[in-house]
Amino acid sequence: AAGALWSLAANNAKNKALIAAQGGVSPLVELLCSGAVGAKTAAGALESMAVNADNKRSIVDYVSLSSADANVNEAIAEKLNLTDLLDKIQ
């Protein structure tokens, strides 16, 4: 599923916004945080979606809520090029 979302989000601003609006951020972040099979694909989908400023903020907010481990948050933010936003909300 993460691969399908990544494919839909790639180079399509409307799909990026629709995926986020329909609740796509939270399952992707949860998959990424779990480290399970598909986590790298979830990272790719989130990275693609993070081009949109609203999506970027939603991703950062959900990362902050989903993991109490600051090291995990920092690693995810770095992977998704969201470090500046994460620093602002910590």
Apply side-chain contact (heavy atoms from CB on, under 4.5 Å) to D54 and list each qualifying residue two or more places apart in sequence or on a separate chain. N52

Residues forming a side-chain contact (heavy atoms from CB on, under 4.5 Å) with A20, sequence neighbours excluded: V25, M49, N55

Taking the side chain as every heavy atom from C-beta outward, state whether V29 and S26 have any pair of such atoms under 4.5 Å apart. no

Atom pair [atom1]/[atom2] of [X] and [Y] - distance to nearest 0.5 Å:
X	Y	atom1	atom2	answer
K56	E47	NZ	CD	10.5 Å
L32	E30	CG	CD	11.0 Å
L46	W6	CG	CH2	10.5 Å
L5	S48	CG	OG	10.5 Å
N12	I19	CG	CD1	8.0 Å

Please name the pair of heavy atoms, one in G38 and one in L31, separated by the smallest distance, quoted to 0.1 Å. O-CD2, 3.4 Å

On a heavy-atom basis, the closest approach of T41 and A2 is CG2-C, 3.6 Å

